[in-house]
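Have a look at the structure below before the remarks.
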Amino acid sequence: MKGTVYDSNNEPLVGATVSVKGNLSNGTITNIDGQFNLNVQDLKSTLVVSFVGYQTQEVALQGRSEITIRLQEDAKALDEVVVVGYGTQKKKFLIGSVSQVGSKELMMAPQANLSNMMTGKLPGVTSVQRSGLPGNDQTSINIRGLGTFLDSSPLILVDGVERMLNTVNPNDVENISILKDAATASVYGLAAANGVILVTTKKGTEGKVTLSYDGSVTFQKNTAMPEMLNGPDYIYWYNKASELDGNGPYYGADIQTKVANNYDPEGKYGSTNWTKEVFKNYGFTHQHNISASGGNKNIRFFTSIGMLDQSGIIENVNYDRYNVRSNVEGNITKDLTFELNISGFYEEKNWPGISTSAQAEQNPIQQAVYAAPIIPIYYQGEYTAWIGPGSSTTQSPLATLRNSGFQKNQRHEFDGTMKVSYAFPWVKGLKASLGLVYDTSYTEDNGFLVGYNVNAYSADSKSYNLMRASSTSEKGNYTKSASSFRRFMVRPTVEYANTFGKHAVSALFLYEQTQLKGSTMTGKMGGYNFNDPVDLSLGTEFISNPTGSHSDKATIGYVGRFNYIFDKRYLAEFAFRVDGSYKFAKDKRWGFFPSVSLGWVISEENFIKNNISSINLLKLRASVGELGSDNTDAFLHRSIFKVEKNAYIFGGVPYAGLGASNSITSSLTWSTTRSYNIGADLTMWNGLLGVEFDLFYKLTKDIQESRSGGFPPSLGGNYAQKGNTGKIDNRGFELVLKHQNHINDFYYNITGSVAWARNKVLSRIESESTPWYRTNIGEPLGQIYGYKAIGLYQTQEQLDNRPFVGNGVQRFGDIMYEDINGDGKITQDGDRVKIGHSTLPELNYSLSMDFNWKGFNLSALWQGAAIVSYTLNGTYSHGSMDNTVYTRPFYSGGNAPYYLVEDSWTPENVNARYPRLSAIHNGNNAYTSSWWLVNGNFLRLKNLQFGYTIPKKILAKANIGLSNVRVYVAGTNLFTFTEFKYCDPEMAIINNGYYPQQKNYSVGLNITF
């Protein structure tokens, strides 16, 4: 008989193995056209067809002498086996709530870090990217919303060890699992209250050695940025605002003409688009990765080396990272095996001397907005700077980018894991192992802020003056800091797994001990006579005392897990962890974190198997358990002393001494989270329909809180400064719908997901004077509070009779606020109320689509968020509530967006969207209020990729050693649909000068030898 073997794209498979079931020695392999010939004794035989990376298939001949066989890629193998804490479980028998994504889905489009790749691909995960700054453009991740006032970040484990997520080379990742409930996360005890992220890197497989190259180039542009006024329009609108302020035109006809013509014989005036000058046409990123894998039954390996070079969309901003990895596993003897995983990376971040971080003083992006567009870039050979009306601060964005010095952050890290395992031959299923971990890292930060001159134009005097730029010193300041870190961990483990008839049992017990050591130092000097080289020893002015610290921490944990399956139908699991934390007193140090889960595989019942053949899997599951967190300061149960320079004076001379810095809090302990989860999994018609549903409730109590506001000053601080008084609950659901099918040569799969999580504060320390309508109790974390705006002043009667805030003035077109408590005035203590929603989305949803036809592939991911709000103004890091460039024209005497001035209140535009057009600051309009509230809901085309894989038949004929060649184009953040189009809906909470999120356009190449 004869036949042909194809892959899912209808391409011939070269080298597939075809043999007769029961007589595997009678076999052959397919030729260059995927064809084979085979002698069989009986045309009723069954063939076994296999190929590396594809699902093995058994095909009954049923009298046929010629057949066609299509093998499916084994991409779903990881769906069948799910990575969980300290092991794996078959998905069919998994009782806990786990989301998992494989490397193929992760790598839909090239990105700089893993957290951005995870967005929209893991139900139950909320990802928010606040910045596009290279090296700091990662997303913040929350699992099932917020459950604490404190740090809500999940525990991140890379190959079973707590490590950084965003420095892992994405090409090295095999899969990522999210442990969302207590059944799966309790084995991590007091570190797991916020959920757990497990990153598993690739390993070698038996077979010939393969060498792969993955590379891409990416061009980047801002997702959103408001258009700022050009020179002539700036003068028109500023003069109009000045007239409304009662001051007459600020700029005369002579200046207007020079700016309008962009020509001034004296060179004082021009028309400069500062944001266009600061932001390049595009940022550029290229990344390359080379990996090799293979092995035999005795030893297998995966090695890789990767590099990333990410240049920002503004000058002198870039991020570089270099990764290496070697994962080796092998058999020392039949029963003794080993694993050795070694990896390392070097990363470097470079920024100008003045930081590009949001809210950083003199941020160059902020300066580009604050600088008026009516002066040229250069005047008399020097960079110009703008000093706005009534100001003394220079705004010179290009000089800041190019002349302010540098900031450089460098980090080296080595991560090593070794594991030796022994399978006891005399006890089936019993295995013991010993794991050892050693990680070390070194970080160094260097910052040199140079004093540089600018030719500053004063809007008040209408003249230039050569002067030193604001926020700089004459001879520069240099800061150098360094830190080192080491981790030692030992993990002996005993595992058992066996089947007795219809009974399948497994057990795990391990001991885990970790020691963490770290040290830091910082020095700062000034008075530099030259800019290169610079170091602490070359400064001539002492600025501040050097500082330093060191730490020595340790944790111990005991973990157990017991699984039982009866007849593949009834599932039970009990897991626990006993943890000890050095942070608490001895009698409060140890915690026990258990979980119990039950499952029922209904599809294994005869009444389903024998009657409803369309159901492939139907499973119900439920779990309950406790998790913990020790997120608080250490040693509060003991007196902590600090050195005071002037502790006492003797004979008129101050002397140093020790003083207590805390009051003893001996009762403090960890917070606990009780987690409940029920779920169901359904697969029908061999994948035509897949459903996953989870419903959860979490109650977190004993959250650590500061108690400073709850005691009178007369106590002098002699009280327990923290207590376990906070309580929050969190509830929600996750729903995933899947569909996969093929029509002839057209294969596709579609997955949609929606996840909702809402938290509520049940207990929190508040001032006794807090009114009921402003309490946090009963409200979600991140809830926005502000004044309730009821319109703009339009009549004299409103100005005469409406209560107003004490700061600023009230004129026609300014914002009116509601007097909530009816006391005849507007105050922060009495009239701020809940407005909008939380700043963290409650609802996240996504739709991923993958289409394949022959060698062509198209994949897309739509991602969105809802039930979320943000404000265009806000409270700055120094505590002041104020406008931003999005809410106040000519902020800090600078420029303004078109949308803001064109729809501001004027006597000709009384139905305006924005308050009164003005060139002066008015505190009345600066407060956080419903007027500045924005619906943060959005839908985004997160990823789009189109690729083509050259047919293997063509590669085989070329005979150049290539087994796979794929080219693709891809994009990220391509389209965003949201209410406020002038900024990204995930922008920083305070948006003055923030580095915008980026659209990515990529071209890539994958080659395998």
task: List in chain and number order the residues that pass ring pair (Phe, Tyr, Trp, His ring centres under 6.0 Å) with Phe977, two or more places apart in sequence or in another chain; answer none if no residue qualifies.
output: none
- prompt: What pair of heavy atoms forms the shortest contact from Ser177 to Val82, and how long is it?
  reply: OG-CG1, 4.4 Å
- prompt: With sequence neighbours excluded, what pairs up with Thr683 under the side chain to side chain donor-acceptor pair (under 3.5 Å) test?
  reply: none
Atom pair CG/CZ of Asp7 and Arg70 - distance to nearest 0.5 Å: 9.5 Å
message: Assess the residue pair Asn116 and Gln138 against the criterion (side chain to side chain donor-acceptor pair (under 3.5 Å)); give the C-alpha distance rounded to whole Å, side-chain angles, the decisive distance to 0.1 Å, and a yes or no.
response: CA-CA 6 Å; Asn116 290 340; Gln138 68 276 0; over 6 Å; no
- prompt: Going by atom types alone, do Asn686 and Asn616 pair a side-chain donor with an acceptor below 3.5 Å?
  reply: yes
Verdict with supporting geometry, Glu413 and Arg163, salt bridge (charged side-chain N to carboxylate O under 4.0 Å, His left out): CA-CA 10 Å; Glu413 182 162 328; Arg163 290 165 177 157; 5.5 Å; no
message: Is it the case that atom CG in Asn281 sees more than 12 heavy atoms from other parts of the structure closer than 6.0 Å?
response: no
message: Using every non-hydrogen atom in the two residues, find where Leu94 and Lys619 come nearest and quote the distance to one decimal.
response: O-NZ, 2.7 Å
query: Between the side chains of Thr303 and Ser326, does any donor sit under 3.5 Å from an acceptor?
result: no
statement: Residues Glu986 and Val128: closest non-hydrogen pair is OE2-CA, 3.5 Å
query: With no hydrogens and no angle check, do the side chains of Asn844 and Thr126 hold a donor and an acceptor under 3.5 Å apart?
result: yes
field: Atom CZ of Phe975: over 12 foreign heavy atoms under 6.0 Å
entry: no
task: Drop me the distance from Tyr748's OH to Asn852's CG, to the nearest 0.5 angstrom.
output: 12.5 Å
Met1 vs Phe36, side-chain contact (heavy atoms from CB on, under 4.5 Å): CA-CA, chis, key distance, verdict: CA-CA 9 Å; Met1 56 83 56; Phe36 68 91; 3.7 Å; yes
- request: Might you work through the side-chain contact (heavy atoms from CB on, under 4.5 Å) test for Ile176 and Met118, ending with a clear yes or no?
  value: CA-CA 9 Å; Ile176 296 177; Met118 293 166 58; 3.9 Å; yes
message: Could you tell me if Ser293 and Thr210 have a donor-acceptor pair between their side chains, going purely by distance under 3.5 Å?
response: yes
message: Evaluate Asn318 against Ser311 for side-chain contact (heavy atoms from CB on, under 4.5 Å), listing each step before the verdict.
response: CA-CA 4 Å; Asn318 69 281; Ser311 297; 4.3 Å; yes
query: Hey, does Lys180 have a side-chain heavy atom less than 4.5 Å from the side chain of Val98?
result: no
- request: Run the numbers on Lys104 and Glu174 for salt bridge (charged side-chain N to carboxylate O under 4.0 Å, His left out), then give the verdict.
  value: CA-CA 9 Å; Lys104 180 181 178 182; Glu174 185 70 38; over 6 Å; no
- prompt: Nearest heavy-atom pair of Pro123 and Ser99: which atoms, and what distance?
  reply: O-OG, 3.0 Å
- line: d(Ser50 OG, Leu13 CG) to nearest 0.5 Å is 10.5 Å
- line: Across all chains, not counting sequence neighbours, the ring pair (Phe, Tyr, Trp, His ring centres under 6.0 Å) partners of Phe693 are none
field: Residues which pass side chain to side chain donor-acceptor pair (under 3.5 Å) with Arg325, listed by chain and number, not counting sequence neighbours
entry: Asp172
query: Any side-chain donor-acceptor pair under 3.5 Å between Asn857 and Asp850?
result: yes
Report, one line per pair, each donor and acceptor closer than 3.5 Å where one atom sits in a side chain of residues 952-962; sequence neighbours left out.
unit_1: Lys953; atom_1: NZ; unit_2: Asp33; atom_2: OD1; d: 3.1

Partners meeting salt bridge (Lys or Arg N to Asp or Glu O under 4.0 Å) with Arg321 (sequence neighbours left out): none
query: For Asn298, does the CG atom have more than 12 heavy-atom neighbours from other residues, nucleotides or ligands under 6.0 Å away?
result: yes
message: For Gly971 versus Ala109, what's the shortest heavy-atom pair and its separation?
response: O-CB, 4.0 Å
field: For Glu329, salt bridge (Lys or Arg N to Asp or Glu O under 4.0 Å) partners two or more places apart
entry: Arg300
Residues that Phe279 engages under ring pair (Phe, Tyr, Trp, His ring centres under 6.0 Å), provided they are two or more places apart: none
field: Working for ring pair (Phe, Tyr, Trp, His ring centres under 6.0 Å), residues Phe856 and Tyr948
entry: CA-CA 5 Å; Phe856 295 96; Tyr948 177 69; 4.5 Å; yes
field: Over 12 foreign heavy atoms within 6.0 Å of NZ, Lys609
entry: yes
Pair Ser304, Ser291: side-chain N/O donor-acceptor within cut-off below 3.5 Å: no
- prompt: Is atom OH of Tyr282 surrounded by more than 12 heavy atoms (other residues, nucleotides or ligands) closer than 6.0 Å?
  reply: no
message: Checking side-chain polar atoms at under 3.5 Å, does Asp137 have a donor or acceptor matched by the opposite partner on Ser131?
response: no
- request: Before giving the answer on side-chain contact (heavy atoms from CB on, under 4.5 Å), spell out for Ile143 and Ile197 the whole-Å C-alpha distance, their side-chain angles and the decisive distance to 0.1 Å.
  value: CA-CA 9 Å; Ile143 298 174; Ile197 298 176; 4.0 Å; yes
- request: Output all residues satisfying side chain to side chain donor-acceptor pair (under 3.5 Å) with Ser97, sequence neighbours left out; order by chain, then residue number.
  value: Arg144, Asp694
query: Could you state the interatomic distance from NZ (Lys44) to CD (Gln62), rounded to the nearest 0.5 Å?
result: 11.0 Å
message: Applying side chain to side chain donor-acceptor pair (under 3.5 Å), can you list everything that pairs with Gln89, at least two apart in sequence or on another chain?
response: Glu573
query: Could you go step by step and tell me if Glu692 and Lys738 meet the salt bridge (charged side-chain N to carboxylate O under 4.0 Å, His left out) rule?
result: CA-CA 9 Å; Glu692 298 173 11; Lys738 300 179 179 181; 3.2 Å; yes
query: From Leu974 CG over to Leu941 CG, what is the distance, rounded to the nearest 0.5 angstrom?
result: 5.0 Å
message: Less than 3.5 Å apart, any donor N or O on the side chain of Tyr319 or Glu347 sitting next to an acceptor on the other?
response: yes
Kindly list each side-chain donor-acceptor pair under 3.5 angstrom involving residues 14-21, sequence neighbours excluded, with atom names and distances?
unit_1: Lys21; atom_1: NZ; unit_2: Glu58; atom_2: OE1; d: 3.0

- request: Could you tell me which non-hydrogen atom of Asn943 sits nearest to which non-hydrogen atom of Met108, and how far apart they are?
  value: CB-CE, 3.8 Å
task: Name all residues meeting the ring pair (Phe, Tyr, Trp, His ring centres under 6.0 Å) criterion together with His286; count only those two or more places apart in sequence or in a different chain, and write none if there are none.
output: Phe284, His288
query: Strictly by modelled atom types, are Asn973 and Asn1000 linked by a side-chain donor-acceptor pair under 3.5 Å?
result: no
- request: Using only heavy-atom distances, determine whether the side chains of Asp309 and Thr285 contain a donor-acceptor pair under 3.5 Å.
  value: no
- prompt: Out of curiosity, Ser216 OG to Tyr968 OH, how far, rounded to the nearest 0.5 Å?
  reply: 4.5 Å
